[in-house]
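One structure is given below, encoded as structure tokens.
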Amino acid sequence: MIWNYFLITASISTTSWGVAAFIHKKEGFRNSLVIAGILSIALFIAFLWIQLERPPLRTLGETRLWYAFFLPIIGFITYWRWRYHWMLYYSLALSLIFLLINYLHPENFSKTLMPALQSPWFVPHVVVYIFAYAFLAASSLVAIRGLYQFYKNKLTPKLMLMADNLVYLGFAFLTLGLLFGALWAKEAWGHYWTWDPKETWAFITWMGYLVYIHFRYQHVSKSKAALWILALAFVILLVCWFGINYLPSAQFSIHTYSKAP
Amino acid sequence: MNKPLWESPWAYMESFLISFGLVLIGFLLEFSIPNHPEVKIVYPLNLILGLCFVALVILLYFLLRKIRIIRFLSGIPASIGAVVAFAALVILMGISPQVPMQGKNIITTLKLNDLTSSWSFLLINLYVLLVLGLVILQKLERFKRRNWGFICSHLGLWITIFTVGLGAGDLQRLRMDLHVNKTEWKAYDGEGKYYEMPLAIHLNHFQIDEFHPKLAVVENSSGKLYEASKPSMIMIEKKLQCKLHQWNVEVSEFYASSGRSGDRYYQMFDYGAAPAAFVKVTTSSSDTLSGWISCGSFNHQHESLKLNRDFSLLMTVPEPRKFSSEVTIFTPDGSKVNQTLEVNKSYSVNGWKIYQLSYDEKMGKYSELSIVELVKDPWQIYVYIGVFLMMIGSVYMFWQGSKLRQKATSMVLSEDL
């Protein structure tokens, strides 16, 4: 059963990352364990794709799985580039939280994929978005760390640069995801944008990060305000991803594909 | 930093007052001019107004740039104010459902249920276009080669907002009901008004491919899906053995298309034939139940298997995998094309794009009606130019990251510390 393979995957990732955290002095060995945990999720995604005979990108649980896959990759690259160990562990922990959510909220693994989603745009649109979300989650971790450092009077320029880089990368993907969605919608239904609740919140998220980028551009020295904007932007992103299902406007959304009849 | 309001140089306070002031003016206009008719600005009026707006922005920039207001409008505080006010309006849109409502109350008066056609939305869009336009002009005038990414993303956004807004009046979206073996040349809009089209469509065949139906357990009293454990629905296959909640289910026979005769189902392909399966269910107390289940169709009864007093096992209605219309399209010049229309696969003819939209869902795969949508959007190409410029801007951003700012940040922050 697919579910049992998920449990195996989640245990491999949890164990290898747990061990990695304990032996963090032996960098080479630690890094291989981190990569092993990432690979186990990658294998499960591939297995799911083959089993379901469709890209596993339709339901919230499936997107969480991709997120749990991308986040450690971004954490690892950031650590590699900036030599921040905490960034690696934060992203691993966040990834495990997402696996845990999937464990606590099992979903029906279903082969059905509605005709609207059967498009070459489907995979790039969602993957680019999840990738952006993972970058931006990493940037919000930096924001929280930065605020902590700020109030302790220990904020370093390196940290702000890291936040900027993550936001720039994440924002580039976010914009591409948004534009892919618009082009797909035009090709499939004849309108770019319908102000569907999901689209509306995606747009708000986009504007949140837009404010951060412009604010930073002008006021390089006002780190505190910038970090607060960054932390707040991620709250909006979470509303867009999950919170939307609880808003009064969401009952009219076309983007709720998880409620299969 | 504590300078009196409205004293030069203007900064964030003034910026927010202006942008939110525009939103407020919009709501006041809504309040004072109730029930204004929906105005559609169509070609060539939209083009003329658009060109006037562009001329205005350019004139403002080149003639009045010495004036402080214009300098303020092309700066970052004004940009952020515009984005935040726009975002606030969109958040309002994201919370309050955007659906038509009856009656007169505060929501309908302020158009909170239809914000995209409200005054506030129009004013804030114009303001964004003005600020963004001035910013672009400034960058263009002082053009440096490393700014090309900046210009792509900003100009792309400007073109996109501008052309989508202007093109809205010229966009036509109509529906056409196609019946098997009939030719249709009239399409209707959202209000049910019919239009004669410069094309006619003959529906030769309508086809639906379906996924297999699923097994599910429902509560007898409410008819609700029982979801005590997951998976709560399992797709039926031949010889499937699975565990659904506390029941072990075995599918010993399955026909995707069948009919009942006597005490069992046989494979049949007649009109209205429905899927059916023979299932054996064992419970923990090792009782075995068995029987036929079928989801039925518009002219066949559905049949479920009662598991106990509280629950029944049933077959869900199959979901469509794909639906498509084989059509022949005629145009007034006498040409004739055979084409298959499908969701996500549209076809363009005579300036109209034809999209497969829907069918008679009650009839399911026996539907003889196919609903298509016809869209004419003469501004599409210009919107695409804007979108592609923004894409180039994003790729540039991805490539460059915030490298340009590294030096500055390091310097300023180390001074701060």
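Every chain is numbered from 1, with letters handed out A, B, ... down the list of sequences. This one's a predicted model, so the numbers in the text were calculated from it and none came from an experiment.
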Structural part of B:F388 lying under 4.5 Å from a heavy atom of chain A: side chain
Region of B:L357 that comes under 4.5 Å of a non-hydrogen atom in chain A: neither
Exercise: do B:D170 and B:Q172 side chains pair donor with acceptor under 3.5 Å: no
A:F171: which of A:W206, A:Y209, A:F131 passes ring pair (Phe, Tyr, Trp, His ring centres under 6.0 Å): A:W206
Nearest heavy atoms of B:G351 and B:K376, plus distance in Å: O-CG, 3.5 Å
salt_bridge(A:E187, B:K353) N-O dist < 4.0 Å: yes
Near-ring test B:Y359/B:F323, centroid separation under 6.0 angstrom: yes
Salt-bridge criterion met for A:E53 and A:K111 (N-O under 4.0 Å): yes
Choice from B:K345, B:Q380, B:Q356, B:H212 maximising heavy atom contacts with chain A below 4.5 Å: B:Q380
Top contributor to chain B interface from A:W195, A:F180, A:W193 [non-hydrogen pairs under 4.5 Å]: A:W195
Top contributor to chain A interface from B:T160, B:V84, B:L115, B:V343 [non-hydrogen pairs under 4.5 Å]: B:V343
Proximity of B:F121 and B:F86 rings by center, below 6.0 Å: yes
Among B:E227, B:M93, B:E342, B:K230, residue most engaged with chain A (heavy-atom pairs, under 4.5 Å): B:K230
Selection from B:M391, B:K322, B:M390 maximising heavy-atom pairs under 4.5 Å formed with chain A: B:M391
Under 4.5 Å from any heavy atom of chain A - which part of B:L157: side chain
Under 3.5 Å side-chain donor-acceptor pair for B:Q207 and B:S324: no
Best-contacting candidate, B:I80, B:V375, B:V90, against chain A by heavy atom pairs under 4.5 angstrom: B:V90
Region of B:F398 in contact with chain A, defined by heavy-atom distances below 4.5 Å: both
Residue B:S96 versus chain A: region with a heavy atom under 4.5 Å: backbone
Donor-acceptor pair between B:N344 and A:W121 side chains, under 3.5 angstrom: no
Test item: side-chain donor near acceptor, A:D164 and A:Y217, under 3.5 Å: no
Lys/Arg N to Asp/Glu carboxylate O, A:K186 vs B:D377, below 4.0 Å: yes
A:H105, part contacting chain B, at a heavy-atom distance under 4.5 Å: neither
Chain B interface, residue from A:W3, A:F109, A:F215 that has the most non-hydrogen pairs under 4.5 Å: A:F215
Per-residue contact mode, B:M235 against chain A (heavy atom under 4.5 angstrom): side chain
Chain B contact via A:F173 - which portion, at a heavy-atom distance below 4.5 Å: side chain
Portion of A:I213 that has a non-hydrogen atom of chain B nearer than 4.5 angstrom: side chain
Max heavy-atom pair count under 4.5 Å with chain A, selected residue of B:P318, B:S232, B:C242: B:S232
